[in-house]
Amino acid sequence: MAKMAASIVEHGEDAFRKLFKFYKRRNPPPDLSDVIDFSKGVRNGKVSFNDVFFYFSVFFFFSVALYCVNTLLLVFGSIFIYKLLFPSITQLSENKGFIFISNPFLSGSQQYWVKQCLKVYPRKPNICNLDLHMSAEETQNIWEKSTAQISQKRSGKREPKTLLEKLRWVTLGYHYNWETKTYSADQHTPFPSELHTVAQHVASACSFPDFTAEAGILNYYHFDSSLGIHVDESELDHTQPLLSFSFGQSAIFLLGGLRREDPATAMFMHSGDIMVMSGPSRLLYHAVPKIVTNPGADLVPQCLLQRSDVPEDSVVRRVSEQDWDVCTKYIQTSRINVTVRQVLGRGVAFPVGSADRSTAPSLNDAYHESSSEGEGGVDEKRMRSSSGDS
């Protein structure tokens, strides 16, 4: 079966779609032996470990930020960097500008981001998929309306889904319009300051000091979810990177080329992993065909089970036991992905007349695919310009 995956990558005009279907299928389950796992230090022809200047520059920046600048020490030291001496930062030799950072979060700090994604970021005035077919009053307080039922759920028992479990996406900052495939000045709410801080420092560490977090899309995946082949190209500035943060269950991520027919590379995204798509890799085709269960004995990844004290002056705050109990129940069967991007270049404004023609996204433009074994429920022309998981 592994040879089959290899042959799909190497041959065929529609190699990406065939590989997507190969990893998406349920019966028989796909062989995952060809999927790169950066957490295990995989070394092969597609992974570059020889760019000494790149590694030294990133290592040097992290060291200076942590030990020489008090402000960054509070941010970096408390938010996420803990593998300082041996940072697991990887570039793919075939995809310059694509940077993979294997779970650099401090012990216990991922819990804060999971809680923010479930409890805080779905709040109004932010926009979510539930707004497509429910009133504003019904989608108020999604967390509060869901916690009691989620806390009482039993493993393996089928029960009605809560509003929280029905979440598929949330938009932050400049809200992406799924109907017009655009952003606009009229559809904007304040971007979360703590997410802006961590995104800005990750971008700076990857040689993008001028990056400004202006828009965010949160994807909520379950085991039957997938994300079709697409390119994130709706932002008006492509010189700045796209950042992707993953929490919860693992996913298979496919990274292709600039053309639809280019072969793709399969890799795991585990909880805490960060991907940066920049430079030549900023507009590469990519997709998420499958969510996979935690490889360990626990239903929740081990890095999310760790509890630790958080300094009082940290951007991160300790999550209460009550809130974390709800998050744990949710994350046992789910994955959360946060993508952060800069929409406008320096000194650039939205084109005149770019105001949204629709205040609510179209239901047909929701970009999660169904759990069917076919080609997938998302039209590829729509997917090409959607801003999804990266």
Side-chain angles (χ1 to χ4, degrees), residues 1-12 14-49 88 90-95 98 100-103 219 221-230 244-257 262-275 277 284-304 331-337 368-376 388-390:
M1 207 176 293
K3 291 183 178 179
M4 182 184 299
S7 66
I8 291 174
V9 171
E10 294 172 2
H11 305 289
D14 204 20
F16 200 142
R17 179 167 290 279
K18 290 178 181 178
L19 192 65
F20 181 92
K21 292 177 64 178
F22 173 81
Y23 283 116
K24 184 182 177 181
R25 76 185 188 194
R26 301 167 99 179
N27 294 307
D31 187 312
L32 305 182
S33 58
D34 284 338
V35 182
I36 298 174
D37 193 339
F38 292 113
S39 68
K40 297 181 179 179
V42 175
R43 297 168 184 261
N44 59 28
K46 294 183 178 181
V47 181
S48 172
F49 291 87
S88 182
T90 307
Q91 284 189 299
L92 296 181
S93 57
E94 297 178 357
N95 302 107
F98 177 81
F100 194 104
I101 308 173
S102 295
N103 184 19
N219 291 330
Y221 295 87
H222 305 294
F223 286 131
D224 60 351
S225 302
S226 62
L227 181 67
I229 303 167
H230 70 285
S244 174
F245 302 83
S246 186
F247 304 106
Q249 300 298 321
S250 299
I252 295 176
F253 179 79
L254 300 180
L255 181 67
D262 290 340
T265 300
M267 63 194 77
F268 284 110
M269 276 201 78
H270 299 305
S271 189
D273 289 346
I274 302 173
M275 291 192 306
M277 296 180 71
L284 296 184
Y285 280 94
H286 53 279
V288 178
K290 196 176 191 68
I291 307 301
V292 295
T293 57
N294 177 43
D298 299 310
L299 295 176
V300 176
Q302 188 63 38
C303 58
L304 283 171
I331 218 69
Q332 287 177 358
T333 59
S334 305
R335 170 185 179 250
I336 303 170
N337 180 259
H368 274 289
E369 294 195 358
S370 66
S371 59
S372 65
E373 296 303 310
E375 292 287 319
D389 194 324
S390 296

Compare every heavy atom of His222 with every heavy atom of Ile291, then report the nearest pair and how far apart it is.
CG1-O, 3.4 Å

Heavy-atom closest pair, residues Phe247 and Ile331:
O-CD1, 4.3 Å

Judged by atom type as modelled, is there a donor-acceptor pair below 3.5 Å linking the side chain of Asn337 to the main-chain atoms of Phe245?
yes

Looking at side-chain heavy atoms only, is the closest gap between Leu32 and Tyr23 below 4.5 Å?
yes

Stepwise, does the side chain to side chain contact (heavy atoms under 4.5 Å, CB included) test hold for Phe98 with Leu255?
CA-CA 9 Å; Phe98 177 81; Leu255 181 67; 3.7 Å; yes

Measure the CD-OG distance between Gln249 and Ser225 for me, rounded to the nearest 0.5 Å.
12.0 Å

First locate atom CD1 of Ile229, then atom CZ of Phe16, and finally report the distance between them rounded to the nearest 0.5 Å.
5.0 Å

Determine whether the side chains of Ser271 and Asn103 contain a donor N or O and an acceptor N or O closer than 3.5 Å.
no

What is the minimum heavy-atom distance between Arg335 and Met269, and which atoms define it?
NH2-SD, 3.6 Å

Can you tell me how far the OH atom of Tyr285 sits from the CZ atom of Arg17, to the nearest 0.5 Å?
11.0 Å

Could you give the distance from CZ (Phe100) to CZ (Phe253), rounded to the nearest 0.5 Å?
9.0 Å

Minimum heavy-atom separation for Met267 to Met275, with atom names?
SD-SD, 4.4 Å

Quick check: closest heavy atoms across Ala266 and Leu254, and the distance to 0.1 Å?
CB-CD2, 3.5 Å

To check you understand the geometry: which heavy-atom pair defines the closest contact between Tyr221 and Leu227, and what is its length?
OH-CD2, 3.4 Å

If I take atom CG from residue Leu299 and atom OG1 from residue Thr293, how far apart are they, to the nearest 0.5 angstrom?
9.0 Å

Any side-chain heavy-atom pair from Ser102 and Asp273 closer than 4.5 angstrom?
yes

Could you point out which residue of Ser250, Ser246, Pro301 forms a side chain to side chain contact (heavy atoms under 4.5 Å, CB included) with His270?
Ser250

What's the separation between atom CD1 in Ile252 and atom CZ in Phe268, rounded to the nearest 0.5 Å?
5.0 Å

Just by modelled atom types, is the Ser226 backbone N or O under 3.5 Å from a matching donor or acceptor in the Lys290 side chain?
no

Sequence neighbours excluded, which residues qualify as side chain to side chain donor-acceptor pair (under 3.5 Å) partners of Thr333?
none

